[in-house]
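Below: one structure, written as structure tokens.
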Amino acid sequence: MAFVQFSKVSLAFGDRDILKDVSVNLAAGTKAALSGANGSGKSTLMKIMAGEIAPDSGQRIAQKDARIVYLPQSGIVHAGCTLRQEADRAFEYGYQLQRELEEIGDALKDSSQKSGPLLDRHHEITTQLEESGWYRREAQAEQVLLGLGFSRGDLERQTQEFSGGWQMRIALAKALMQHPDILLLDEPTNYLDLEARNWLEEFLNSFSGGFLLVSHDRYFLDTTVTEVYELFNGDLHRYVGNYTNYEKVRQVELESLMATYQQQQEEIRKLEDFIRRFGAKATKAAQAQERQKMLDKLLTQQVQIPESLKKMRFSFPPAPHSGRLVLTLEGVSKSYDGVRQVLSQLDLVLEKGERLVVVGCNGSGKTTLLKILAQQDASYEGSVKEGAGVAVGYFSQDSAEKICGATTVLEYIENQAPLELIPRVRDMLGSFLFRGDDVFKTLDVLSGGEKSRLALLQLLLKPVNLLILDEPTNHLDLHSKDVLLEALESFGGTVVFVSHDRGFIQSLATRVLELSPPAEPGSGDVSCVTSCGRARNFPGSYEYYLERLAAEAAGLEVTPPSGSGKTSSTNASKQDTADGANAPSAGALKYEEQKKLKNQRRKLEREEERLMEEIAAAEEEKQELENQLAQPEVYSDPQKSRQVQSALEALDAKIEQLTAAWEEVSAQLEG
């Protein structure tokens with residue numbers, strides 16, 4: 001059985017110990033995750049395992065001929081050949097064996113050489129080639145590339161035509177195709193969409209070798225690993241079970257650690273207080289010196305708190321009132337080249353409070369749709385109508401990448417924050433882990449995770465009631481993802497999002513919109529789970545959506561989950577009206593009763609929209625009066641001040657009445 005073993009491995013950068021006497025054994029059947037805070041040394045440890053970095057001390061023992069393949073986080077670029085040709089380079093190991101086989105064949109022709117050892121080696125190589133799938137390598141290459149999201153049309157494209165994210169997919173595909181004994185994957189899901197992640201999960205679950213991976217996708221880890229190694233302060237600890245089990249066990253340990261830490265900090269505080277008060281007094285000098293010795297010893301043994309305990313803290317501002325109908329799309333179509341439709345005749349109704357996730361294969365138009373909804377792309381056909389009082393906050397995939405320059409973090413946020421938030425900017429930055437001197441970092445030196453946190457912070461600078469989020473969890477660690485999820489779950493408005501994190505989707509989504517890309521002419525590509533060119537609506541959770549797909553594949557029917565009827569039949573796209581026709585008991589009502597109910601609903605919706613418009617107008621008028629009250633010529637004149645104050649009180653009463661009426665209409669619509 002192939003293995004690689006590390007014993008008492010140590011490595012230091014300057015005066016900082018990255019690894020301290022680390023020991024670990026990886027063998028066929030190992031399914032492990034490597035956990036630890038950013039900067040703890042996870043990538044460094046993987047490079048040592050791959051033989052790319054030599055440790056300061058310790059042993060690395062690998063079985064003879066054991067093949068170890070390492071995939072870094074980023075930085076791999078391919079050029080100079082087609083995708084098919086680049087994929088074939090993954091089988092270089094087989095080509096080497098094939099050449100050796102030919103040399104043995106030539107040697108066997110020479111009767112002067114002993115044939116026994118040569119025949120044994122010939123048989124060994126033949127067996128290795130057969131077991132590795134060498135003779136089926138072209139089919140294997142296509143299977144892996146299609147599984148990771150490439151189309152058959154991509155196979156003949158030049159590799160330099162692919163973007164950075166797709167370059168890393170090529171590197172991942174080549175790593176998987178090499179059939180290694182030990183696979184080391186550093187953030188392999190960073191550039192994968194949901195479908196490609198699901199495929200990679202299945203691949204790793206059936207993988208016969210051993211693997212160690214780093215990932216910030218909790219669901220992905222739970223479904224692929226059976227043990228977790230945590231790297232903390234240079235020490236490596238092993239936890240048996242999946243990632244969720246590791247978190248539970250570690251939480252108990254951390255609670256004990258925090259109790260010890262707090263007790264130690266209290267003792268340090270008391271010693272420092274005594275030294276400060278009595279250090280200069282002659283009568284207490286000896287005691288103060290003794291306390292100083294105790295303090296010095298305590299500081300050398302000070303408990304270290306994991307960086308992961310320093311969690312991001314935030315919640316979205318209260319969502320302003322909006323009408324029940326938040327967005328209405330009619331016949332939305334989009335084409336980039338005038339021939340290939342990315343979106344085709346999409347109809348959609350989004351209601352207040354929904355958490356809509358948009359899913360689909362690469363090229364299906366998910367990001368394009370979100371840009372249209374956020375009014376970032378106006379070059380489309382059809383109409384997009386916002387409801388009354390809708391205020392939009394938009395987070396794009398490249399929001400973090402756009403944060404650059406020599407400006408400091410503090411200056412960047414202060415320049416965007418409204419005047420009334422300026423005094424709170426430092427506190428807000430602290431909630432997003434920009435503490436102390438971190439606020440004076442320039443944007444150019446920030447990591448991907450820091451830029452993502454800063455981009456999320458920008459969403460808090462103004463109240464919104466519709467959040468449109470395209471991959472908001474990219475570059476966030478697991479703890480920051482959890483905090484974001486909690487904030488979105490308690491958000492009082494509506495959310496439309498795209499994510500490749502299955503656990504995030506399952507926790508948040510209340511409705512699924514599935515988009516399918518149009519087929520390439522003559523491609524015959526059936527890699528997508530749905531037929532091409534359709535948009536389908538699934539009212540209900542992400543689990544229900546997956547059940548529907550599985551049932552469709554098996555030719556069965558699935559009953560919609562109870563409570564999913566919140567989304568009306570108008571929410572379905574015209575391409576698949578059957579999926580949206582789930583309004584409770586609609587089929588059982590007589591035509592006249594249906595007509596009456598629809599008319600009543602339309603009246604209520606119109607009344608709701610009218611009330612929202614009146615509330616918005618009254619609030620604008622109130623803001624103008626408050627501005628007047630802040631002017632010297634008004635607040636210094638008692639008569640003018642009383643007049644403005646009386647008008648404000650009247651407006652407050654009016655807004656209260658309108659709000660009560662709006663809530664009553666909204667409750668009737670909910671019922």
Side-chain angles (χ1 to χ4, degrees), residues 1-5 26-29 46-47 49-54 60-72 75-148 150 152 154-160 162 167-185 203 206-211:
M1 182 173 66
F3 69 90
V4 58
Q5 183 176 346
L26 303 177
M46 280 198 158
K47 289 177 181 178
M49 291 178 171
E52 294 190 2
I53 294 179
R60 176 184 183 272
I61 304 171
Q63 185 188 39
K64 183 182 178 183
D65 296 330
R67 284 177 292 140
I68 302 171
V69 174
Y70 166 61
L71 178 74
I76 298 180
V77 178
H78 308 86
C81 62
T82 65
L83 176 58
R84 188 189 299 276
Q85 292 168 335
E86 187 64 48
D88 193 58
R89 292 177 180 175
F91 299 97
E92 179 58 31
Y93 175 73
Y95 280 112
Q96 291 176 359
L97 291 178
Q98 186 69 32
R99 287 192 289 270
E100 185 180 352
L101 203 62
E102 292 171 358
E103 291 172 0
I104 292 174
D106 293 338
L108 286 173
K109 295 176 183 178
D110 185 355
S111 58
S112 64
Q113 294 196 30
K114 294 181 180 180
S115 60
L118 292 176
L119 287 173
D120 289 343
R121 180 58 179 161
H122 188 282
H123 175 71
E124 181 183 346
I125 293 175
T126 303
T127 302
Q128 283 182 288
L129 289 174
E130 180 60 40
E131 290 178 349
S132 69
W134 163 256
Y135 300 107
R136 302 180 300 279
R137 60 188 180 279
E138 291 186 8
Q140 284 188 30
E142 280 200 15
Q143 180 185 9
V144 172
L145 289 170
L146 294 179
L148 291 178
F150 293 95
R152 284 191 171 85
D154 289 332
L155 298 178
E156 306 308 325
R157 287 177 60 189
Q158 292 292 310
T159 51
Q160 62 266 25
F162 293 94
Q167 291 281 353
M168 291 308 300
R169 288 202 198 199
I170 297 173
L172 174 59
K174 290 175 64 179
L176 302 182
M177 286 186 279
Q178 290 180 54
H179 295 280
D181 298 303
I182 304 296
L183 190 57
L184 305 173
L185 303 175
F203 180 94
S206 61
F207 181 58
S208 59
F211 65 80

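This chain uses plain numbering: 1 for the first residue, then up along the sequence. Note: hydrogens, waters and symmetry copies are ignored here, and every other heavy atom, side chains too, is used.
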Exercise. Does any N or O in the side chain of Asp181 come within less than 3.5 Å of the main-chain N or O of Gly209, such that one atom is a donor and the other an acceptor?
Worked result: no

Exercise. Any idea how Phe207 and Phe203 line up, ring-wise: parallel (<30°), tilted (30 to 60°), or perpendicular (>60°)?
Worked result: parallel

Problem set entry | Residues Met168, Leu71; criterion side-chain contact (heavy atoms from CB on, under 4.5 Å); working and verdict | CA-CA 9 Å; Met168 291 308 300; Leu71 178 74; 4.2 Å; yes

For this session: For Arg157, check salt bridge (charged side-chain N to carboxylate O under 4.0 Å, His left out) against everything at least two apart and list the hits.
Result: Asp154, Glu161

Exercise. Sequence neighbours excluded, which residues qualify as side chain to side chain donor-acceptor pair (under 3.5 Å) partners of Thr126?
Worked result: none

What side-chain donor-acceptor pairs closer than 3.5 Å can you find for residues 94-101, not counting sequence neighbours?
unit_1: Tyr95; atom_1: OH; unit_2: Asp88; atom_2: OD1; d: 3.4
unit_1: Tyr95; atom_1: OH; unit_2: Asp88; atom_2: OD2; d: 2.7
unit_1: Gln98; atom_1: OE1; unit_2: Trp134; atom_2: NE1; d: 3.4
unit_1: Arg99; atom_1: NH2; unit_2: Glu92; atom_2: OE2; d: 2.9
unit_1: Glu100; atom_1: OE1; unit_2: Arg121; atom_2: NH2; d: 3.1
unit_1: Glu100; atom_1: OE2; unit_2: Arg121; atom_2: NE; d: 2.8
unit_1: Glu100; atom_1: OE2; unit_2: Arg121; atom_2: NH2; d: 3.3

Seminar exercise, completed: Heavy-atom closest pair (Ala90 atom, Gln178 atom, distance to 0.1 Å) is O-CG, 3.2 Å

Exercise. Are the side chains of Met46 and Tyr70 in touch, meaning some heavy atoms are under 4.5 Å apart?
Worked result: yes

For this session: May I ask you to decide if Ala79's main-chain N or O and Gln158's side chain share a donor-acceptor pair within less than 3.5 Å?
Result: no

Exercise. Who pairs with Tyr93 by side chain to side chain donor-acceptor pair (under 3.5 Å), at least two apart in sequence or on another chain?
Worked result: Gln128

Exercise. Less than 4.5 Å apart, any side-chain heavy atom of Leu129 and any of Tyr135?
Worked result: yes

Seminar exercise, completed: Sequence neighbours excluded, the answer for salt bridge (charged side-chain N to carboxylate O under 4.0 Å, His left out) partners of Glu156 is Arg84

Exercise. Distance-only, no hydrogens or angles: does the Arg137 side chain make a donor-acceptor pair with backbone N or O of Phe91 under 3.5 Å?
Worked result: no

For this session: Determine whether Leu83 and His78 make a side-chain contact, defined as any pair of heavy atoms from C-beta on separated by less than 4.5 Å.
Result: no

Exercise. Looking at residues at least two apart in the chain, or sitting in another chain, which of them share a salt bridge (charged side-chain N to carboxylate O under 4.0 Å, His left out) with Arg89?
Worked result: Glu86

